Structures are given as C-alpha cells and as structure tokens.
Amino acid sequence: MAVVPMKKVLICSLKKNRKAILEFLQRQEAVEINSGTEEDDIFQKMDVTSQRSVFQRNSGMAEQALEVLNRYCPEKKGLLDSFAGRSDLSAGEYEALTARHNEILKTATRILNLSKGIGESRASLPKLEREMEELAPWQSFDLPLDFKGTKKTRAFIGSLPHPYTAQELSQALAESTAAPVEFSLVSSSKEQTCIFLVCSKKDAAEVDGALKKLNFQRPPLTSSVPADRKRELEEEMKKAESRIQSQEKEIRSLGDSRRDLKFLMDYYTMRAEKYQVLSGLSQSKSVFLLTGYIPADKAASLEASLTSRYDAFVEFSDPEGQEEVPVLLHNNAFTEPAEGIVESYSLPAKGELDPTAVMAPFYYLLFGLMLSDAAYGLIMVFGCLFILKKYKTLEPGMKKTLKLFLYCGISTTFWGFMFGSFFGDAVNVIAATFFNRPDIRLAPLWFEPISLPMKMLVFSFAFGIVHLFTGLGVKLYSSIKSGHLADGIYDAVFWYLLVGGAVIYMLTMSMFTEMLGLGFTLPPAAGTISGVAALIGLVGIVFTSGRESKNWGKRLLKGLYGAYGVTSYLSDILSYSRLLALGLATSVISTVFNQLGSMLGNSIPGAILFILVFVIGHTLNLAINALGAYVHTNRLQFVEFFGKFYEGGGKKFDPFAAHTKYFKVKEDI
C-alpha cells in the first residue's frame, strides 16, 4: 500500500548528445518529461511540426502496407495470440533495422503502389464490361459507330427505346418528316431497336429532329468496327486481369517483409513521440535542458548511466510544497492486480494513502460471492493461468488484468464449493438423469443460498458492515498518520459508535433477530451499552461535523445535517443485498439450463440435447454474470467503500516511452 516517492530531475548536456539521450530515456520509460523552462534570450524552443508530420505520415504508410499484406497473405495467428503482447527487440537489432529504415520505407511504398495499381485495374474491369454490353447489339454492324456519313449524306447510328419492325419504323418516320431516308435494322429486342439511317445532308437537321421525337440514342462512339472493338475490349480485360494477378503475386512475395514493416511503423511512431518531446525542450546554441520526474529508486542508476555515457549533468531535488507530483503505485504481487481498479476511479491525491492493498482482498471476495460457482471459477483460474504461462511477453496492463481475474476465479471457486454450486446443480441433474442415481449430489460446505436466501441476505449485510467499517478504519489510520488524530476521532470513531451501536442495539430486539432468522438475541445489557455508545457517537457527530465554521449556529446546523448521513449508511448496507441477488441469479439460471437440457431424459437425443444446452447455456451464463459481478463489485468499491475515506484526484505518472504496437526496445540501467 504505497505511492512511489518521486524526485524532480534536471538533465543538461551538449546538443550533440540530445538525440542519443532522448532515445535512451525513451527506452528506459523512467522519466516523465516536462516542457522545460520558459523561453528567454538564451534558451529557445524548436518548432518541429513539419518533421513530426513526416514521421506520422511514414508510420501511416507502414500501417497501410501491413493492411495490404494482411489482405493478400494473412498472417497466421492462433486464437489467443492477441494476448501475446509486443515482441522484444534488442538494442543491436534495433540499430540494425534503423539503418535499413529507408529501404523498408521503399518496400512499403512499393506495396502501396501495387495495391493502388490493383485497385485501378479492378476499377477498369466494370467499365470494360459495360462497354462490351453496350456493343453487344452492334456486333453484326460492319461500320465504325462514329461514322458520320459521306460528302453528300449524313448517317445516323443509334437505338430507339422500343421494338420496331421495318414497316413500323418507316411509318413512324413518315409521320415526323417527309425527307427521303434509307435505314436498316441492325438488331431488335424487347428493350430497344438498333438502326442505321442515311439521308441527304440538306435534310439532316429535319431528320435529326424526327429521330429525337422517337427518343433516338447514340451508342458509345468508337472508331473501330464493333466486332473489332469487342476483341480489343476482351484483350484489355485479359491484360487487366493479368496485371492484377501479377501485382497480387508480387505483394505475396513481399510477405517476408512483414516484420520489417512492423518495425518501420513503430520506428516512426517513436520518432514522432521523440520530436513531440523535443519541441518542449529548452535549447541554446550549444546545450539543452530537460526537466521532469523520476521514481526515487531509479534516480541513482539513471544518473550513473547518463553521466558515464553522455557526459551529462544530472541533478535531483524533492518536489516543493503543493506541487502536483505524478503518482505511481507500488504493491505486492497479491494486491497489484487491483491497481487498475483504483486507477479507473482516481489515483491518490498528494499525501493520500494508496487504497489498493486494503481494497484488493475485498474485491476478490465480493466478485466471488456474486458469481459463486465453483466450475465457473475453475474455468477462470485455468484460463488465466494458461495465458499467463503461454505468453511471457504480455503487456503489463494485460498481465495485471489476467491476475485480477485469476484471483477472482479462486474466490469464485471457494464460494462455489461453500454454497454447493458446480455448473449450478449439474452434478445432481447428470447423476439422476443419465445414471439413475438421484442420491448423488454436491453438498455445500456451508449452506445453499437458493434454499436459505434469508441466511445469505444476513451474511451479505454482515459482510457489507465489515467492508464499510474497514473503510472507516482506513480513514482513522490516515488521520493518525498525517498527525490529525482529532479528525480521525470526529470522522471515524464517532461513526463507529453510532452505526456500530445501532447495529448491536437492534440485535438485542427479538423481533429484529427473528425477522432475519438469527439464532440468537443479545442480552438487554448489551443494548444499554450499545445505546449509550450510539448516543455518544450521535452527539459527537452533531458537534464536530461543522467544526470548520466559527459560527456556532452554522456549526450546529451542519452537525445535524452530518448526523443525517446515518441514512446513507443504511442505504450503503442495503446495497450489499446485491451479493444475494447476483449469486442467486447465477445459480438459478444455471439450474434452468440444466433442467432444459435434461428434458429428453436418458437417451441419445437426450444426451445430444443436454450437451448443446449445457455448453451454450453455461457459456452465456458465465459471460453475463461475470460481467455483472465485475460491474457491481466496482460499484461497491467506488461508492460504498471509497466514499468513506478516499478522495483521489492524483495525476498518473506518464513517463516518456515508446508507445509502439509490435516491438519494445529496452535496456537495463
């Protein structure tokens, strides 16, 4: 339960070392870099916008080239390879690939040009096919379709949008023009009639007007005879298809460059990030300054590395006053996986305790209580263990998440056996249906919530009280540690007396204990003592909740309002009834699927139905209720638990790092 102490760091060195130092710091991922000092007559800042744009464009080109490769020669991946994380790249490999980055960029450009060529060729095919379709009715025509006529005649080549016979067409033309014409029907179908018409040049305008009245349409103009043009189009299509095949083959032949392209994408991403930092550095003609924060335990090794390698000046100092210092959490292996839950709420503010160590055990227990099926828990445990063992290069965030669900799975398994749930009542149903042994059942080690829901509800409330009181305990501990013992008494001890006294007092009332199904009732003496304690707590809260006010009237009113907060404790305790609700939901849904699957009894169809319903039903039940357990466990931590002592508001430690996708380059310091 610790927030890592931070040191302020100032690094000064010659500009000739700037590139090497920034790359070194980027690989270390140990320093959060500030924007540097303000500009003055000596120290200025660089404008590197254009360079960053180039790097981002090149990174985008590499990414697009990878997408093209994956389209034509997909990378072979296993079902779980998305967990693998980034591959390790030694400093030597990094330098070797860096020396080839221009060559790799040419490969990316070649792949993109090939892809562009394939796209253009494919786009041309529909156009060629459409032109062939348009030429199909003219295949018997032995003149070019752009034929205009002779010196003394005018030719009209086109189609009319109706089927015509020669007699019908002659009559239609005669109704629109008296000019002498000669025509022939090239082809005719239900949709159109293709014609070739010749008239005298002096009658061309009149004939053109008559044809327009008949909705005359000209065909695609071509200087070739239609049959010849068709052969040309077929040849063009063959060439386009051949180009596509050739370009696709060349792209596939470049499949071995996939690793290089991944590096290129990461390389330019790293350079863009480095130049973003570079734009904030204070630089003179000869030197540059860099300021930031570093975990205190890494300060000495960083100083030794920088001074020995680059002859740099490194100075450390403690943060001052109310300076906002970035937060980095550090916990043991058992509680570390829950750091992500704390981070998703808010990191500790300056001087505030890290709540991870206290929260983590409750988180695991609450999740297990809500899912509470031993089989589901074992699936989570073995699934997480398999991935953790198989993939050694898991990203830190993914590793924490898997460990979180590993511990949640262990808790789920424990509570599942305690409550006698293994795929619901699957053991009982399978034994009775397929082996005729109704006497075989998985007995709970403690009790069965579906049979004793009131007992489970009482346990949920009791667990909730312990959870809430632990939060108050953290509040008391924080106050004592910070030297504010009085605040701890006012904000924690008085509430212990009020809420705890009220709970114990109710346990002396037989009506209350009988309603909850408790097998005991505390003696009246306990009620007297608890009542006095609750009264002391109430009076203390009334007189101290508004202690920041100097006006006694306002202080009393704020105190009464603070005492009204006891109702929030009641609602908080009632919130833990969700432990009963979600636990029963998992069990009941499992039971329903088991009963549905066993409807056909002990038969081959019955076995097939049971297997199908069992696999599909329990997969859905596990997915839905695990999600529900995750959401509601977070809710109990964020609202009920953190609400008692935790404020948050800290800024996450964000070191200068290589936010790459495929490779990570790191060296020890």
Side-chain angles (χ1 to χ4, degrees), residues 1-4 26-32 77-90 262 266 269-270 273 295 297-298 326-348 354-368 371 376-414 622-623 626-627 629-631 633-634 637 650 652-669:
M1 187 168 82
V3 175
V4 177
Q26 190 175 34
R27 293 196 293 269
Q28 300 318 306
E29 303 183 4
V31 179
E32 178 176 318
K77 286 187 176 182
L79 184 62
L80 300 176
D81 282 354
S82 57
F83 291 101
R86 296 174 295 171
S87 302
D88 290 325
L89 197 66
S90 68
K262 289 179 178 180
D266 286 350
T269 299
M270 291 169 64
E273 291 176 344
D297 58 345
K298 294 184 178 181
V327 177
L328 177 64
L329 304 181
H330 177 70
N331 291 277
N332 60 42
F334 178 68
T335 58
E336 184 185 38
E339 288 178 353
I341 305 299
V342 174
E343 186 178 327
S344 66
Y345 179 78
S346 183
L347 289 167
D354 170 19
T356 306
V358 180
M359 183 208 72
F362 283 107
Y363 191 94
Y364 304 147
L365 290 172
L366 287 168
F367 187 100
L371 196 54
Y376 293 172
L378 289 173
I379 290 173
M380 292 174 62
V381 168
F382 288 113
C384 292
L385 281 176
F386 174 78
I387 296 173
L388 287 168
K389 294 295 183 183
K390 180 177 176 61
Y391 299 102
K392 303 298 184 182
T393 56
L394 283 167
E395 295 298 315
M398 178 59 69
K399 183 178 288 187
K400 284 185 180 180
T401 300
L402 287 170
K403 286 184 177 180
L404 176 75
F405 286 111
L406 170 64
Y407 293 130
C408 288
I410 293 172
S411 173
T412 301
T413 303
F414 170 77
L622 171 58
L627 177 62
Y630 174 77
V631 170
T633 302
N634 283 355
Q637 301 292 348
K652 183 181 179 182
F653 178 63
D654 184 21
F656 177 40
H659 297 102
T660 52
K661 186 175 181 180
Y662 298 105
F663 297 101
K664 52 184 176 183
V665 185
K666 195 159 186 177
E667 55 188 322
D668 296 329
I669 62 173

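What you see is a predicted model, and the numbers here were worked out from it, not measured in a lab.
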**OP:** Begin from the C-alpha positions of Thr269 and Asp266 and carry the test side chain to side chain donor-acceptor pair (under 3.5 Å) through to its verdict.
**Re:** CA-CA 5 Å; Thr269 299; Asp266 286 350; 5.1 Å; no

Subject >> Residues Val4, Leu329; criterion side chain to side chain contact (heavy atoms under 4.5 Å, CB included); working and verdict >> reply: CA-CA 6 Å; Val4 177; Leu329 304 181; over 6 Å; no

Original post:
Would Gln637 and Phe362 satisfy side chain to side chain contact (heavy atoms under 4.5 Å, CB included), going step by step from the backbone distance to the final call?
Top reply: CA-CA 9 Å; Gln637 301 292 348; Phe362 283 107; 3.9 Å; yes

**OP:** Determine, step by step, whether Phe83 and Met398 satisfy the side chain to side chain contact (heavy atoms under 4.5 Å, CB included) criterion, reporting the C-alpha distance in whole Å, the side-chain angles of both residues, the deciding distance to 0.1 Å, and the verdict.
**Re:** CA-CA 8 Å; Phe83 291 101; Met398 178 59 69; 3.8 Å; yes

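In terms of heavy atoms, Pro348 sits closest to Pro355 at CG-CD, 4.3 Å. Scanning all heavy atoms of the two residues, the minimum distance from Phe656 to Gln26 falls at CE2-CB, 3.6 Å. For the pair Val381 and Gly409, the tightest heavy-atom approach, listed with the atom from each and the gap, is CG2-C, 3.5 Å. Considering every non-hydrogen atom in both Ala658 and Glu273, the closest pair reads CA-OE1, 3.7 Å. Residues Ala30 and Pro295 come closest through the heavy atom pair O-CD, 3.3 Å. When every heavy atom of Pro337 is checked against every heavy atom of Ala333, the shortest pair comes out as CD-O, 3.3 Å.
Between Tyr364 and Phe334, the ring planes are perpendicular. Angles over 60° get that label, and only those under 30° would be called parallel. Between Phe367 and Phe405, the ring planes are perpendicular. Angles over 60° get that label, and only those under 30° would be called parallel.
In this structure, CG in Leu402 is found 10.0 Å from CG in Leu385, a value given to the nearest 0.5 Å. To the nearest 0.5 Å, the span separating CG on Leu404 from CD on Glu336 amounts to 11.5 Å. Interatomic distance, NZ of Lys652 versus CG of Leu328, reported as 9.5 Å (0.5 Å rounding). The line from OG of Ser344 to CG of Asn634 is 6.0 Å long, rounded to the nearest 0.5 Å. Summarising the geometry, atom OG1 belonging to Thr335 is positioned 9.0 Å from atom CE belonging to Met359; distances are rounded to the nearest 0.5 Å. Separating the NZ atom in Lys399 from the CG atom in Leu406 is a distance of 13.0 Å, to the nearest 0.5 Å.
For the pair Phe653 and Val327, the minimum side-chain heavy-atom distance is 4.5 Å or more. Side-chain contact between Ser87 and Lys664 is absent, with no heavy atoms from C-beta onward closer than 4.5 Å. In this structure, His330 and Val3 have side chains that are not in contact, with every pair of non-hydrogen atoms separated by 4.5 Å or more. Inter-residue side-chain proximity for Leu622 and Leu371 is flagged as met; some heavy-atom pair is nearer than 4.5 Å.
For the residue pair Thr660/Arg86, the side-chain donor-acceptor check at 3.5 Å is satisfied.
Looking at Thr401, its side chain does come within 3.5 Å of a backbone N or O of Gly397 through a donor-acceptor pair. Listed for the Thr633 side chain is no donor-acceptor partner under 3.5 Å among the backbone atoms of Tyr363. Using modelled atom types, no side-chain atom of Glu29 and backbone atom of Pro655 make a donor-acceptor pair closer than 3.5 Å.
Listed by chain and residue number, nothing satisfies the salt bridge (charged side-chain N to carboxylate O under 4.0 Å, His left out) test with Lys403 (two or more places apart in sequence, or in another chain).
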